[in-house]
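In listed order, ligands and their atoms are each counted from 1. A quick note: this is a predicted structure, and the numbers were derived from the prediction, not measured. Keep in mind that the numbers below use all heavy atoms, side chains included, and drop hydrogens, waters and symmetry copies.
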Amino acid sequence: MFVPGLIERKRDGGALAAGEWRELLTAYQAGAVPDYQISALLMACFLRGLTREETAGLLDGMMASGSRLEFGGLGRPVVDKHSTGGVGDKVSLILAPLVAACGVAVPMMSGRGLGHTGGTLDKLESIPGFRTDLSLEQTRAQVERIGCAMIGQTPEIAPVDKKLYALRDVTATVECVPLIAASIMSKKLAEGLNGLVLDVKQGSGAFITDAERSLTLAKTMIELGQDRGCPTVALLTAMDRPLGRACGNALEAEEAIMGLRGEGPEDLREVTLAEAVEMLVLAGEKDRAEARRRLDDALASGKAAEAFQRVIEAQGGNPAVVDDPALLPQAEAVEVYYATATGTIARVEPRLIGRAVVEMGGGRRTVEDAVDPTVGFVITARPGQQVHQSEPLASIFAKDAEGIELGRKALDQAIEIGDADGRRTPPLPLVQARVTARGVEELTGR
Ligand code: URA
């Protein structure tokens with residue numbers, strides 16, 4: 001294989017065949033192709049795009065680099081979800097045990113915080129003792145035993161994606177729809193799923209802020225899933241403001257626990273239930289109203305909260321946090337943030353909030369950074385809400401006075417108060433559309 005020739009072809013707008021992708025990725029995985037050649041190729045992909053066949057070839061090459069979970073003989077459908085990432089998005093922590101409590105196997109594989117967005121693994125690890133580094137064999141055994149596991153990408157799953165992702169991160173080639181689609185699906189499809197729900201975030205706090213490109217991302221991932229025998233559905237959901245009130249790892253874990261008890265913010269509940277209904281339908285439930293009834297029952301009866309306790313216990317954590325969230329790590333410094341003017345909340349900018357959580361120590365600026373689980377915000381202000389000067393809008397949680405100051409400045413910028421009708425653009429519908437292999441169904445009129 002002559003790698004400069006492949007780079008040249010891609011650079012000039014040509015395509016690589018599926019076999020070439022596979023051979024190249026195998027050689028790269030084996031250390032026979034240097035990072036600088038792959039970097040050049042990734043940049044050519046970023047600038048030229050990939051055809052449908054190339055995206056599929058890339059995905060198959062990534063999957064071939066690792067192993068797959070096999071759930072033969074489980075007797076239950078296996079379903080998972082993936083979110084493209086946002087601020088305050090703690091849906092996975094509620095969703096996995098909730099859907100497992102309804103009899104579906106959920107081997108949920110998640111990521112860490114990335115850029116301004118939080119990560120499910122960091123939120124779970126704020127629970128004292130919780131381990132997310134299960135092997136594939138341990139994951140399979142746990143799903144067989146209790147119906148759910150919540151883990152990170154294991155070294156056995158799509159290892160070449162991990163190498164490629166690290167390279168993309170430092171070569172400005174992350175935000176490329178086919179590269180993102182193949183990367184996400186290489187991990188999800190290795191879970192041996194019978195169905196996959198994608199939560200594709202829309203708006204200024206999403207990774208891809210352009211609505212058309214995020215729809216293309218949804219469609220590309222659906223196509224890749226469907227073509228490999230995994231029915232895949234996407235919901236387009238709002239990320240032009242944080243989801244729920246809590247932003248920051250332990251604060252979000254606490255809000256998720258409230259959600260599992262049937263309490264907590266309404267927007268979080270609505271997005272979680274919308275995704276959970278899709279998961280039950282993919283698992284074979286024919287009647288959407290019945291799916292909703294089963295989910296409501298799992299929340300109200302305490303079965304969903306108990307399922308989360310079983311997962312926490314199985315993964316080394318302290319299950320008592322579900323009954324007593326005060327056992328989660330607590331911030332040293334807390335301050336209430338008050339409205340600086342009277343008027344209408346025009347926006348609560350998620351990207352600024354997410355960046356502030358990272359700066360306050362709740363995310364990583366380098367891969368080696370340790371994450372402080374305690375820091376973040378609880379923001380009660382919502383776009384469109386009328387507020388009076390000096391009314392409390394949020395609480396800031398930090399490790400010291402400097403962190404509080406950082407948080408206050410971030411809220412000054414992120415929470416914009418306009419005059420009485422000062423809302424600049426109406427907030428996006430919470431669950432905007434449902435995308436399937438058949439097309440896009442707008443849900444906003446419902
Ligand atoms: N998450 C992934 O797993 N891969 C990407 O490329 C982007 C987000």
Side-chain angles (χ1 to χ4, degrees), residues 21 25 28 38-39 41-47 49-50 54-63 65-66 68 80-87 89 91-92 107-123 132 150-191 193 196-203 205-210 213-225 228 230 232 234 236-237 239 350-351 354 358 363-364 367:
W21 279 111
L25 293 184
Y28 179 50
I38 298 295
S39 302
L41 182 69
L42 287 170
M43 185 54 84
C45 292
F46 185 94
L47 296 172
L50 296 182
E54 281 188 294
T55 311
L58 173 62
L59 167 67
D60 292 336
M62 283 170 164
M63 288 185 68
S65 72
R68 290 172 71 116
D80 193 9
K81 84 109 190 198
H82 177 86
S83 161
T84 57
V87 177
D89 181 6
V91 168
S92 290
M108 185 170 274
M109 194 188 307
S110 306
R112 300 203 173 273
L114 197 62
H116 67 283
T117 67
T120 297
L121 297 184
D122 297 325
K123 293 167 203 183
T132 56
M150 300 174 84
I151 61 160
Q153 180 178 4
T154 77
E156 304 118 297
I157 295 262
V160 84
D161 165 67
K162 204 164 187 170
K163 274 184 91 173
L164 286 177
Y165 192 85
L167 212 49
R168 286 167 58 209
D169 205 20
V170 291
T171 55
T173 49
V174 169
E175 293 93 348
C176 169
V177 166
L179 295 183
I180 296 175
S183 166
I184 290 174
M185 294 305 280
S186 69
K187 288 163 281 203
K188 288 288 154 181
L189 294 175
E191 290 175 29
L193 302 176
L196 174 64
V197 175
L198 301 166
D199 177 357
V200 179
K201 299 290 184 198
Q202 308 277 294
F207 251 110
I208 294 187
T209 52
D210 178 74
R213 285 183 71 221
S214 69
L215 180 59
T216 307
L217 175 63
K219 288 180 174 169
T220 309
M221 290 192 287
I222 289 169
E223 204 170 270
L224 292 172
R228 279 153 196 80
C230 175
T232 305
L236 307 185
T237 71
M239 189 36 69
R351 200 168 271 260
V358 175
R364 291 176 194 79
V367 221

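- The closest donor-acceptor contact from the side chain of Lys188 to the backbone of Met109 lies under 3.5 Å.
- Within the 4.0 Å heavy-atom criterion, the part of Tyr165 lying near ligand 1 is the side chain and not the backbone.
- With respect to atom 3 (O) of ligand 1, the closest heavy atom belonging to the protein is Lys187 NZ, 2.5 Å.
- The shortest N or O to N or O distance between His82 and ligand 1 is not below 3.5 Å.
- Residue Leu179 is tested with Leu164, Leu58, Val174, Ile184 for a side chain to side chain contact (heavy atoms under 4.5 Å, CB included); the sole match is Leu58.
- In this structure, Gln153 does not count as a contact residue of ligand 1, since none of its heavy atoms falls inside 4.0 Å of the ligand.
- Remark: side-chain polar atoms of Thr132 are not paired, donor with acceptor, to backbone N or O of Leu121 under 3.5 angstrom.
- Residue contacts with ligand 1: Ile184 is included, with a non-hydrogen atom under 4.0 Å away.
- In terms of heavy-atom proximity, Pro178 sits nearest to Thr55 at CB-OG1, 3.6 Å.
- For NZ of Lys219, the number of neighbouring non-hydrogen atoms (other residues, nucleotides, ligands) closer than 6.0 Å is 12 at most.
- Given atom 4 (N) of ligand 1, the protein heavy atom at minimum distance is Ser183 OG, 2.7 Å.
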